[in-house]
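Notes to accompany the following structure.
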Amino acid sequence: MMMTEHAGKSLLLSYGVPVPHGLLVRNAAQVRRWGDVYPAAIKAQVSSGGRGKAGGVLRVAHPQEAAAAAQRLLALEFAGERPSTLLIEPWIEHTRELYLALTIDGEAGGYSVLYAPAGGIEVEDNPPIRYGFGEPADFRAHVLRDRLGPVEQDAGVRERVVAMARRLLFIATSVDATTVEINPLAVLPDGKLLALDAKVVLDEAAAFRQAATAAERVKARRREPRMVQRALAGNLMMVALDGDIGLISGGAGMTMAGMDMLAAAGLKPACFLDCSSNPTPAGYQLAFDLLDGERRVKAILVSIFGGGTQVDRVAKTLEAIMAARRSRKPVVIRINGTGRERADAILRDAGLYNQPTLESALEAMIAAVPPR
Amino acid sequence: MMMTEHAGKSLLLSYGVPVPHGLLVRNAAQVRRWGDVYPAAIKAQVSSGGRGKAGGVLRVAHPQEAAAAAQRLLALEFAGERPSTLLIEPWIEHTRELYLALTIDGEAGGYSVLYAPAGGIEVEDNPPIRYGFGEPADFRAHVLRDRLGPVEQDAGVRERVVAMARRLLFIATSVDATTVEINPLAVLPDGKLLALDAKVVLDEAAAFRQAATAAERVKARRREPRMVQRALAGNLMMVALDGDIGLISGGAGMTMAGMDMLAAAGLKPACFLDCSSNPTPAGYQLAFDLLDGERRVKAILVSIFGGGTQVDRVAKTLEAIMAARRSRKPVVIRINGTGRERADAILRDAGLYNQPTLESALEAMIAAVPPR
Amino acid sequence: MSVLIDASSRMLIYGIAGNFGRFSARDLVASGSTVVAGVAPGRGEAAVEGIPVFMDARTACRSTDASAAIVYVPAPAALDAVLEVLDAGCKVVVYPGDGLPVQDAIALRSAARRCGATLVGPNTPGLISPGKAKLGFMPSHCFIPGPLGVVSRSGSLSYEAAWRLTSAGLGQSCAIGIGGDPVKGLNAAEAIELLHADPETQVIIYLGEIGGSDEYALARYAARAGAKPTAALIVGAAAPAGKKMGHAAALVGSALDSQAAKVEALRAAGVHVADTLRNLVPAARAAL
Amino acid sequence: MSVLIDASSRMLIYGIAGNFGRFSARDLVASGSTVVAGVAPGRGEAAVEGIPVFMDARTACRSTDASAAIVYVPAPAALDAVLEVLDAGCKVVVYPGDGLPVQDAIALRSAARRCGATLVGPNTPGLISPGKAKLGFMPSHCFIPGPLGVVSRSGSLSYEAAWRLTSAGLGQSCAIGIGGDPVKGLNAAEAIELLHADPETQVIIYLGEIGGSDEYALARYAARAGAKPTAALIVGAAAPAGKKMGHAAALVGSALDSQAAKVEALRAAGVHVADTLRNLVPAARAAL
């Protein structure tokens, strides 16, 4: 869950990392409060990457230009998100732009430092060097310094980057962040470092001990489509897609496999909907309600292979849901796993058919809703 | 550096520890904003302990009583500090009061958990049990559970306390706190825990990476006497005392030893003033300025035994200060340590006398300012 | 010993008194695993499903010689519970829970290594050596003994895959759910090495997905001299970029995260790759 | 070997290129210590005061066989610098700086133990074995060889105390500044054990103060069978309660923190206690 630049910078600052002194505004009129420090940078505040390339950062030379820029930025969309705030900052003189990040690295089994001597958008051409050290106690400034040696000639910059990396690690563990990236990290004329941008990704799983993360999660959910908001509120994992086949599944891998099978059969999934985090009658009922209520969904495929989720219970739940259901959208069921034989019997007795394989389920679906 | 209860509770809450929903007010009139949840607790917000015993917490049954209590509390002093805010909270029904703290423990070489099954003020009669585990990675919930066994019979409470202790450790490392104490920690009728009070002590040394600590330090300094504020601003360690002999010293132990020697000789130190953190001409000049400017100071004893502080440099500084000084308060000098022979010569040439021992310096002081 | 567990493994269920713990106890006993102890701190029960229940893992292990554990506690309690079973001497520990903060996963991975133990998880159904032992909750009927060593990032997908393989007569030496989180107690590279060293495993079947870099560990393995034959299924072709697909690590952030890139890298390394479930059995047969 | 260092100790100064590092290099060389290397990351100097300077501790130790280090870096850099000299193989490390976050002190204490090394500090002038070696910046002229082992929480106070003892003809086997912080690399109990084990130490002199519990470690030692004779000076009688006296740990928070309580406990344990500097030499004589 990515924080906006301004939230990320505030966080960095609260741990002693220098950032420019900026002002957050909500509309073009508020730009006047910025006073008269020009040239200035005016930047769209959004929760996804790639903003710079998408024209989300503008340099303005005077108040009129700033107001116009603000109006322009507030009208843009970035990965589907309209910015609700803008950050204005002095345009800072600097001698170099570096790239520095602290992130999670599966191969290192923990944390990694990424560094590139040429930051900004140039970092895409010259990938950063990586120092994966695993657990925080295993971070070694001197090892990072050695790694920096071949790519960073300026010993003074090296020392400051090493100290900054240590700080980013402290921040990541304190706030449960999975990424703390500064790009660009400016070298000022006096040699000091200043974070010109900040990309902080919070670990949603830590919301139970990080109220700030819980609050960010609430904000992030509000940005989702209404259907997804309702799914998440009911503890179902949902990602909205633009197809017309509602997929009710369990487990991330099985849900993706179902999506892929639909796509390969020429059908288009309307969603990624993983009910394994709430495999209860209420959870499945919500799943049906959402898909039955969504106009573009033409049919529903229930595809569940349960281990801990006992599918005889799922069958009973489906029996009850189907009995009370008013929607006429076709439903194809294919469940397997723990309790499968009892599940077959339950569905059979309820007049429902449990497809033996995903392939047969897809055939039934194609029969019900032929692909265009 | 102790946070006020309200600041401490806000911190706990931001890490997911439940606290009562309270309101901070600055005067009796603002009590009205509390609405109508009575009975309520109204509590003086101060940065030192012992508030409860000093009558800083009152139970109020209705708005009039609350306003009167607010007026009374705002007029009180707690360890010399007048509260500038009060915290109003609902008076919470609970079945038990526990004591739980995470603190630094020199003997354990790290952190310690303290627990007592009877919290509140009763904890003073039945000292808490201690689980000292050292570094955070060595915290073991199961060891703490074992330690709790003999004193806490309720297994459900035990499990919740163990989980809470883990959380307090997380908080302590994330914010660089040296103590996170909850007393009382209430057990609610449903078995859940609620922090009815919070004493969080921040590690001042971590201000470089904790902006909140740096801000608290600024606030704490503002509560100091003007002379101490100036000393701290000049990077001198000072504690104001009520005597009349200004003591300019270096090193905590040597400064305390000088205070003790003064006291044993019937003289009263006006301060603890340790210049070792800024043993520069500017530092010593500030020390003289402060003591020369403080009316109750009648004479100054310079007592320095330098190791890293080269005393020949100190001697040169004293020469310059004494030459320019206008105050007529007697000054007795006794410096020793690295560069002592050159220091002797410098002082001699400047017409100043370097006392050979602290004892002879005290005799000279008694001659100049006889004890009453 | 098969991989990590076998018929001689003495197992402990931490959190046996909860609903899922009870279900799992029944299921494990029914699967033939030797469950010798349960742990339920703060509960008063003496036994669950005939399995003796202890107040802490150390007493449980001392009393029963348990040396493998599965831990059913919610994520906020996982760090402490897994440290407890590690301290008690368990050398194979499964933590199936999802929603574990990455920071805690990192701490547990390191703690397990310091103890000379193997942590499987988080976010995994556990592992099974068909016909010998199971330490997890995958549906046993999907698995039969055989020559395929299975590594999977996803629980449910591994059941479906195993059921297809089993239905086709292709049995498994072992199936390890390494889990869908970015930091794993046992990662893909390590799981593959275990299967490589296992004499009963002739072919390695890898079930992967978008995001993360575990699949590249398989590619590196497959390309090296002396590697066992490999087959793989990589799901997530239909997933849009920039969206997390359930698993914490299943997100296409960069080009290397995509299903297409992974399939290409694996094929280049000589892995028999299925792009959907439909092709899994043929790919496995090709590798055999 | 005397205590921790002796004439054969090969020393490294980390942070040698700063003002204090240069001063200390001169002072250590003048005191007769064998300083074989300096470290100054990010600096270009080849030598300081004739001592070869390296870019990192590992190279310095490999090139010079240094095994004892004193580290002059500000507190925010201390954690990394001390870890570096520990990793480089130094077995005695002094960190004199003050203002180190307690959390970092805890990490360093643990790291040193894992490396089988001894960390002295933070907030200490170091240690000296008069006539043999010094790893610190206490004024050498205050110390002469002799039978007293000195442990001190305060630097300046230890100079004054040593100067008095030396002036009275009472030499020292060793003087260890354990520092004034609550968490120490080497705490009072551990320093006392080192002196107890040192054949050249006949009497242990302890210089303590208000706050913390180190003094009670001395009381426990003095009360045990076979303890060497002990004398102590405890300062802070004139300090008010509730105020931090310079040192992070020098604060009277509870009754046990006070000078009076400590003096009483020490006397009860048989320690010869001086309540001011004036009585130090007589107390030391009484213990001899």
Side-chain angles (χ1 to χ4, degrees), chain A residues 12-18 95-96 98 100 102 110-113 115 117 131 133-176 187-188 190-193 195, chain D residues 12 14-18 21 37-46 53-63 66 69 71-90 93 95 97 99-115:
Chain A
L12 290 181
L13 186 63
S14 75
Y15 287 94
V17 175
T95 58
R96 286 178 58 194
L98 319 174
L100 179 65
L102 188 290
Y111 297 96
S112 229
V113 172
Y115 178 76
Y131 165 47
F133 54 92
E135 64 173 335
D138 285 340
F139 174 82
R140 284 298 179 277
H142 58 99
V143 177
L144 175 58
R145 188 192 298 134
D146 284 353
R147 300 279 175 91
L148 293 179
V151 299
E152 179 53 66
Q153 313 309 323
D154 185 328
V157 166
R158 222 151 55 209
E159 291 308 306
R160 286 195 160 99
V161 164
V162 168
M164 183 73 82
R166 162 64 80 179
R167 188 67 54 85
L168 299 191
L169 172 60
F170 188 88
I171 295 171
T173 57
S174 295
V175 307
D176 277 302
V187 182
L188 301 183
D190 66 0
K192 290 189 180 148
L193 303 180
Chain D
L12 174 159
Y14 194 106
I16 197 169
V39 175
R43 303 279 198 126
E45 258 165 307
V53 176
F54 300 86
M55 290 291 273
D56 66 282
R58 189 174 298 269
T59 315
C61 289
R62 281 204 189 133
S63 308
V71 177
Y72 296 119
V73 300
L79 180 57
D80 288 323
V82 174
L83 287 175
E84 181 176 347
V85 298
L86 288 171
D87 282 358
C90 291
V93 179
Y95 179 65
L100 183 69
V102 178
Q103 179 170 191
D104 294 0
I106 294 169
L108 287 179
R109 179 180 158 86
S110 297
R113 305 184 136 220
R114 276 195 296 272
C115 294

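Computed from heavy atoms alone, side chains included, the values below leave out hydrogens, waters and symmetry copies. From a predicted model like this one, the values you see are computed outputs, not experimental measurements. Within every chain, numbering begins at 1; the chains are lettered A, B, ... in the order of the sequence lines, protein sequences first and strands thereafter.
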Minimum heavy-atom distance between D/Asp87 and A/Arg140, given as atom pair plus value: OD2-NE, 2.6 Å
Options D/Met55, D/Arg58, D/Glu84, ranked by heavy-atom pairs under 4.5 Å with chain A, top entry: D/Glu84
Minimal non-hydrogen separation, D/Gly42 against A/Ala155, with atom names: CA-CB, 3.5 Å
Under-4.0 Å salt bridge between A/Arg166 and D/Asp80: yes
Separation of A/Arg145 CZ from D/Asp56 CG (nearest 0.5 Å): 6.5 Å
Straight-line distance of A/Phe170 CZ to D/Asp104 CG, nearest 0.5 Å: 7.5 Å
